[in-house]
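The structure under discussion appears below in the form of structure tokens.
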Amino acid sequence: MFVFTTHSELRSFLKKQTGSVGLVPTMGALHKGHLSLVQKAAENNNWVLVSIFINPTQFNNANDLAKYPKNMAKDLELLTPYNKKLIVYTPNDSDLYPKAINAKKYDFGSLALHMEGAFRDNHFNGVATVIEALFRNLKPDRAYFGEKDFQQLQIIKALNDQLNLGIKIIGCPIIREIDGIAMSSRNQLLNKKERNAAPIIHQTLQEIAENNGRWDVNYMNHFFKKSVEENFFLRVEYFFVAEEATLIPVSHLKKQNDYRIFVAVNAGKTRLIDTLKLGRI
Ligand code: AMP
């Protein structure tokens with residue numbers, strides 16, 4: 001395993017190597033969801049480059065940033081099976097933000113207007129700023145992102161196209177715990193009661209998907225809120241059904257179109273997001 005804290009040292013190391021590089025950007029507190037991306041990158045590239053950086057500009061809440069879980073020693077341990085082809089990049093703020101720790105402004109049209117774009121002010125400008133810096137500084141051949149953050153994945157594809165960066169962006173399926181909860185670093189912040197309650201989110205999404213074609217969007221929304229909020233610890237922040245290509249929320253489903261449900265739920269002080277693709281009607 002090769003660990004670098006500056007992109008210039010990392011680039012000069014890579015210049016001496018041959019073969020393709022697959023980048024997996026993360027904020028650390030790694031779990032099996034992250035490792036599935038690492039595994040995929042390891043299968044398709046000579047080198048896997050995992051970045052571990054909690055990006056300040058994508059947090060719109062200082063407290064959320066301060067309490068974001070961190071455990072570098074455990075992260076490195078989880079990555080040891082990939083030892084031989086693994087490069088870990090753990091920069092300081094100044095390596096990615098040499099001038100000031102500010103988000104740039106981007107225009108992703110409808111992709112960034114709704115869901116996380118509407119509920120987390122400036123979030124995607126922050127995400128795009130750090131991903132642009134990672135892409136330009138590290139110049140990977142491929143980059144791997146989870147469908148857990150489906151809106152982010154679509155925005156990064158748009159960023160890569162807009163800036164002509166020529167990186168192949170690969171989306172990877174959501175990895176879930178046995179009880180259905182989407183794996184997330186934030187799950188560590190849940191207390192026992194919140195953790196026990198959280199599986200209802202995915203269970204309800206599945207029930208809605210099973211009734212696709214019979215239930216309209218309004219009823220889906222009503223059903224989700226009722227089912228989830230029956231639990232005292234869970235409060236729904238949003239429920240949307242949006243077109244996959246544009247990420248514009250809809251209230252009616254057209255035949256032969258691809259739609260996906262997007263939800264955000266507060267479990268106590270922890271904010272959980274999830275998404276599920278709807279079958280075509
Ligand atoms: P994060 O560290 O939360 O910024 O996530 C880093 C990458 O891992 C992002 O591309 C996420 O979408 C992806 N990821 C996080 N959780 C999961 C999961 N449960 N399944 C698949 N990918 C995930």
Side-chain angles (χ1 to χ4, degrees), residues 22-44 48-61 64-65 67-72 74-76 78-79 82 88-91 96 103 111 115-117 120 123-135 138 140 142-160 167-190 195 198-199 201-202 205 247 260 262-265 270-277:
L23 172 67
V24 181
T26 81
M27 298 206 295
L30 301 182
H31 50 68
K32 286 184 189 148
H34 296 114
L35 296 181
S36 73
L37 273 53
V38 173
Q39 175 64 34
K40 187 97 197 229
E43 285 163 15
N44 298 343
V48 183
L49 172 45
V50 177
S51 63
I52 300 180
F53 177 66
I54 302 179
N55 174 34
T57 64
Q58 72 186 68
F59 287 81
N60 56 337
N61 176 323
D64 190 24
L65 172 61
K67 71 178 190 195
Y68 196 84
K70 331 175 173 46
N71 194 339
M72 188 61 80
K74 184 163 173 242
D75 288 351
L76 296 179
L78 285 171
L79 291 170
Y82 302 92
V88 180
Y89 172 53
T90 61
L96 286 166
L111 297 179
M115 285 92 72
E116 294 302 278
R120 296 184 72 188
H123 172 66
F124 287 122
N125 281 325
V127 170
T129 304
V130 80
I131 296 295
E132 181 182 346
L134 289 170
F135 282 4
L138 306 177
R142 302 185 182 85
Y144 297 79
F145 295 88
E147 288 181 352
K148 156 102 188 333
D149 302 283
F150 190 86
Q151 192 173 13
Q152 168 175 284
L153 167 64
Q154 299 293 69
I155 284 172
I156 286 159
K157 285 181 180 166
L159 173 79
N160 185 52
I167 295 163
K168 198 157 188 313
I169 308 297
I170 293 148
C172 303
I174 303 177
I175 306 297
R176 298 180 180 279
E177 302 283 359
I178 285 171
D179 60 16
I181 182 174
M183 289 194 184
S184 163
S185 306
R186 290 176 192 274
N187 293 351
Q188 292 182 27
L189 301 173
L190 299 172
R195 176 64 188 81
I201 300 168
H202 178 62
L205 289 179
L247 297 184
R260 184 174 268 278
F262 296 86
V263 298
V265 175
T270 306
R271 188 170 179 278
L272 303 174
I273 60 168
D274 206 342
T275 175
L276 191 68
K277 187 176 170 66

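Counting starts at 1 for both ligands and their atoms, in listed order.
For atom 20 (N) of ligand 1, the closest non-hydrogen atom of the protein is I175 N, 2.9 Å. Annotation: atom 21 (C) of ligand 1 to nearest protein heavy atom, P173 O, 3.4 Å. Counting protein heavy atoms only, atom 23 (C) of ligand 1 is closest to K148 CB, 4.0 Å. Annotation: atom 4 (O) of ligand 1 to nearest protein heavy atom, M27 CG, 3.6 Å. Annotation: atom 22 (N) of ligand 1 to nearest protein heavy atom, G146 CA, 3.5 Å. What sits closest to atom 7 (C) of ligand 1 on the protein, heavy atoms only, is P25 O, 3.6 Å.
Closest approach of S51 to L134, counting heavy atoms only: OG-CD1, 3.9 Å. Pairing each heavy atom of T275 with each of K148, the nearest pair is CG2-O, 3.8 Å. Here the closest heavy-atom approach between residue A128 and residue L159 is recorded as O-CD2, 3.9 Å.
Of the listed residues (Q151, E147, Q152), just one forms a side chain to side chain contact (heavy atoms under 4.5 Å, CB included) with D149, and that residue is Q152.
D179 places a side-chain N or O within 3.5 Å of a backbone atom of I181 that can act as its donor or acceptor partner. Using modelled atom types, one side-chain atom of H34 and one backbone atom of H31 make a donor-acceptor pair closer than 3.5 Å. Between the N55 side chain and the G126 main chain, a donor and an acceptor come within less than 3.5 Å of each other.
Heavy-atom proximity to M183, at under 4.0 Å, picks out these atoms of ligand 1: 16 (N), 17 (C), 18 (C), 19 (N). Within the listing of ligand 1, atoms 20 (N), 21 (C) sit less than 4.0 angstrom from a heavy atom of I174. Taking a cut-off of under 4.0 Å to the non-hydrogen atoms of Y68, the atoms of ligand 1 that pass are 3 (O). Near T26, meaning under 4.0 Å from one of its heavy atoms, ligand 1 places the atoms 2 (O), 6 (C). Close contacts of ligand 1 with H31, meaning ligand atoms under 4.0 Å from a residue heavy atom, involve 15 (C), 16 (N), 17 (C).
Within a 6.0 Å sphere centred on NZ of K74, other residues, nucleotides and ligands contribute 12 heavy atoms or fewer. Surrounding NZ of K168 are at most 12 heavy atoms belonging to other residues, nucleotides or ligands under 6.0 Å away. Dense packing is recorded around NZ of K70, with more than 12 heavy atoms of other residues, nucleotides or ligands lying under 6.0 Å away.
Closest heavy-atom approach to atom 1 (P) of ligand 1 among the candidates Q152, H34, K32: H34.
Contact between F53 and ligand 1 is absent, with no heavy atom of the residue lying under 4.0 Å from the ligand. In this structure, R186 has no heavy atom closer than 4.0 Å to ligand 1. The closest approach between a heavy atom of A29 and any atom of ligand 1 is not below 4.0 Å.
Residue L37 has no nitrogen or oxygen atom sitting less than 3.5 Å from a nitrogen or oxygen atom of ligand 1, judged on distance alone. On a distance-only criterion, F145 and ligand 1 share no N/O pair closer than 3.5 Å. Geometrically, ligand 1 and D149 share a nitrogen or oxygen pair separated by less than 3.5 Å. The shortest N or O to N or O distance between C172 and ligand 1 is not under 3.5 Å. Considering backbone and side-chain N/O atoms, A182 never comes within less than 3.5 Å of an N/O atom of ligand 1.
Note: I131 CD1 to I156 CD1 = 4.5 Å, rounded to the nearest 0.5 Å. Here F150 contributes atom CZ and M115 contributes atom CE; the two are 9.0 Å apart, rounded to the nearest 0.5 Å.
Neither the backbone nor the side chain of S184 has any atom closer than 4.0 Å to an atom of ligand 1 (non-hydrogen atoms only).
Looking only at atom types and distance, the side chain of T270 has no donor-acceptor partner in the side chain of R186 under 3.5 Å away.
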